[in-house]
Amino acid sequence: MKQVVLAAYAKGNPRPTDFRVEQAPIPAAGDREILLRTLWLAVDPLFRFAMDEVRLSGALHLQLGDVMAGATVSEVVASNHPDYKPGDVVEGRTGWREYAVVAPDQADYRGPPRKLDTSLAPVSTALGALGMPGQTAYGGIETLRIKPGETVAISAAAGAVGSIAGQIAKILGAKVVGIAGGPGKVKALLDLGFDGAADYKAADFAAQLKAAAPNGIDCYFDNTGGDVTLEVFKHLNRGSRMAMCGYIAYYGMGMEGPGPDHMPALYRTIMGTGLEIRGFAGVFAGPEALENIARWISEGKITYPEAVVEGIEAAPEAFASVFSGNSFVGKLLVRIADIA
Ligand SMILES: NC(=O)c1ccc[n+]([C@@H]2O[C@H](COP(=O)([O-])OP(=O)(O)OC[C@H]3O[C@@H](n4cnc5c(N)ncnc54)[C@H](OP(=O)(O)O)[C@@H]3O)[C@@H](O)[C@H]2O)c1
């Protein structure tokens, strides 16, 4: 089988050359273990945290030569565990490899591999709208305490989390403004039902944001930090709330950026507007999050864009493109194999 390992610790944004594709023997399932064949691999920016030479944050830390960490949907091909049988489809974090052995009894805090109802939706959604990104969107939106009619801005809005968060905010009666890079992503946001969208890579981004949020911004679902967030700060209304979901603009910077120091702008904004900032990470939305998203999908209230690249060799470039710029909309996935 093929697997992708860490060849170099990331310096700044990850590059395809930080990874190496290797051949490895297909492992065998031991007592109370299951053998999984990977069907889908998720490209999730949060795994950048595992790639620093010295761990700065995040639960996971990779050594050189380790299989790259990542969420997967897999088919059980052999089972020595009573809770799983061949043919079951499961979601877990088995990493960038074509086959993996898992011991469900020794699961981490995320629990044993999650068995999927294959009749509910395409199984790839377990890595997007009906998985961690969907739960993240739901939980982050909950922290914002949105009132109908309020304006909600979302950064990295065309990504896996942002695209779902924006649609949930619409269901709650908000006016939703998405921020993303490039005219293609702006169009995709409007097609998803966002009320307005601004291209942060355009020279007139500031004017676009002002036009899209003429009454200011009451809630901000932040996935990026950086220049996008500094621009949003200028539009925050009194009593505004911010969900700090991610800060991808800073993932390659360690604890201190190269400057200038924007802390004064942050302090001025917090005191001047009464801004409440709530950070969150990990599992923080209950099972009702996925139940409600599944219902909204079945009612036609939420659509879940997915972008697919083919084959495990494509994973390093796809992962790097999340940080360096790409045209993918929605959840970015690597198709490894089809269900047997
Ligand atoms: N708190 C949690 O528990 C949790 C859970 C999941 C994800 N997250 C975080 O939430 C964020 C979104 O995750 P996701 O899964 O939706 O990611 P995603 O689908 O991979 O989308 C990420 C997008 O961020 C944009 N981006 C990259 N660098 C940027 C920069 N410097 N400035 C502005 N935008 C930039 C890119 O889109 P453009 O083309 O628009 O630039 C990229 O496609 C990430 O920061 C992720 O780490 C947090």
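Only this structure's heavy atoms are used, side chains among them; waters, hydrogens and symmetry mates stay out. Just so you know, ligand 1 is whichever comes first in the structure, and atom 1 is the first atom listed for that ligand. The shown structure was predicted, so the numbers you read here are calculated from the model rather than taken from an experiment.
Looking only at heavy atoms of the protein, atom 21 (O) of ligand 1 is closest to Gly159 CA, 3.7 Å. Atom 47 (O) of ligand 1 has Tyr251 OH, 2.6 Å as its closest protein atom, hydrogens excluded (heavy atom only). Scanning all protein heavy atoms for the shortest distance to atom 7 (C) of ligand 1 gives Val161 CG2, 4.0 Å. Here the heavy atom of the protein found nearest to atom 29 (C) of ligand 1 is Ile248 CG2, 3.6 Å. Of the protein's non-hydrogen atoms, the one nearest atom 27 (C) of ligand 1 is Val322 O, 3.2 Å. Of the protein's non-hydrogen atoms, the one nearest atom 25 (C) of ligand 1 is Ala156 CB, 4.0 Å. Atom 32 (N) of ligand 1 has Tyr200 OH, 3.8 Å as its closest protein atom, hydrogens excluded (heavy atom only). Of the protein's heavy atoms, Asn223 OD1, 3.4 Å lies nearest to atom 11 (C) of ligand 1.
Close contacts of ligand 1 with Gly246, meaning ligand atoms under 4.0 Å from a residue heavy atom, involve 9 (C), 45 (O). Close approach of ligand 1 to Tyr247 is summarised as follows: ligand atoms under 4.0 Å from at least one heavy atom of the residue are 45 (O). The atoms of ligand 1 that sit less than 4.0 Å from any heavy atom of Ala180 are 40 (O). Counting atoms of ligand 1 from 1 in the listed order, those under 4.0 Å from a heavy atom of Ala249 are 31 (N).
Residues Thr229 and Tyr220 have side chains that bring a donor and an acceptor to within less than 3.5 angstrom of each other. For the residue pair Tyr138/Asn292, the side-chain donor-acceptor check at 3.5 Å is satisfied. There is a side-chain donor-acceptor pair under 3.5 Å between Gln208 and Asp204. For the residue pair Thr151/Asn215, the side-chain donor-acceptor check at 3.5 Å is not satisfied. Using a 3.5 Å distance cut-off with no hydrogens or angles, the side chains of Glu91 and Thr72 do not pair a donor with an acceptor. With 3.5 Å as the limit, one finds no donor-acceptor pair spanning the side chains of Asn80 and Asp31.
Note on ligand 1: Ala281 sits in its first shell, one or more heavy atoms being nearer than 4.0 Å. Within the 4.0 Å heavy-atom cutoff, Cys245 counts among the residues contacting ligand 1. Note on ligand 1: Phe328 sits outside its first shell, no heavy atom being nearer than 4.0 Å. Under a 4.0 Å heavy-atom criterion, Pro45 is in contact with ligand 1. At a 4.0 Å cut-off, at least one heavy atom of Met132 sits close enough to ligand 1 to count as contact. Residue contacts with ligand 1 do not include Leu332, since none of its heavy atoms lies under 4.0 Å from the ligand.
Between Asp44 and ligand 1, not a single N/O pair is under 3.5 Å apart. Not a single N or O atom of Val228, backbone or side chain, sits closer than 3.5 Å to an N or O atom of ligand 1. Considering backbone and side-chain N/O atoms, Ala160 comes within less than 3.5 Å of an N/O atom of ligand 1. Close N/O approach between Lys331 and ligand 1 is not found [any backbone or side-chain N/O within under 3.5 Å]. Backbone and side-chain nitrogen or oxygen atoms of Thr136 are examined, and none is located within less than 3.5 angstrom of a nitrogen or oxygen of ligand 1.
One distance of note links CD of Gln23 with CD of Gln3; it measures 9.0 Å at 0.5 Å rounding.
The neighbour count for Arg278 CZ, taken as heavy atoms of other residues, nucleotides or ligands under 6.0 Å away, does not exceed 12.
Within the set Gly330, Ser324, Gly181, the minimum heavy-atom distance to atom 40 (O) of ligand 1 is found for Gly181.
No cation-pi contact links Lys331 to Tyr304, judged by a cut-off of 6.0 Å to the six-membered ring centre and 45° from its axis.
When hydrophobic clusters are built by joining Ile, Leu, Val, Met, Phe, Trp and Tyr residues whose side-chain heavy atoms come closer than 4.5 Å, directly or via intermediates, Tyr200 is grouped together with Val232.
With a heavy-atom cut-off of 4.0 Å, Pro133 does not touch ligand 1 at all. The proximity of Lys185 to ligand 1, defined as any non-hydrogen pair under 4.0 Å, is limited to the side chain. Of all the heavy atoms of Thr224, the ones lying under 4.0 Å from any atom of ligand 1 belong exclusively to the side chain.
The backbone N or O of Thr224 lies less than 3.5 Å from a partner atom in the side chain of Asp222, making a donor-acceptor pair. The backbone N or O of Glu142 sits nowhere less than 3.5 Å from a side-chain atom of Arg145 that would complete a donor-acceptor pair.
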Notebook entry, point to check: Taking it one step at a time, do Val177 and Asp195 satisfy side chain to side chain contact (heavy atoms under 4.5 Å, CB included)?
Noted result: CA-CA 6 Å; Val177 176; Asp195 299 282; 5.7 Å; no
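With respect to the salt-bridge test (charged N to carboxylate O, under 4.0 angstrom), the residues Asp18 and Lys11 do not qualify.
Relative orientation of the Tyr247 and Phe49 rings is tilted, given thresholds of 30° and 60° on the angle between their planes.
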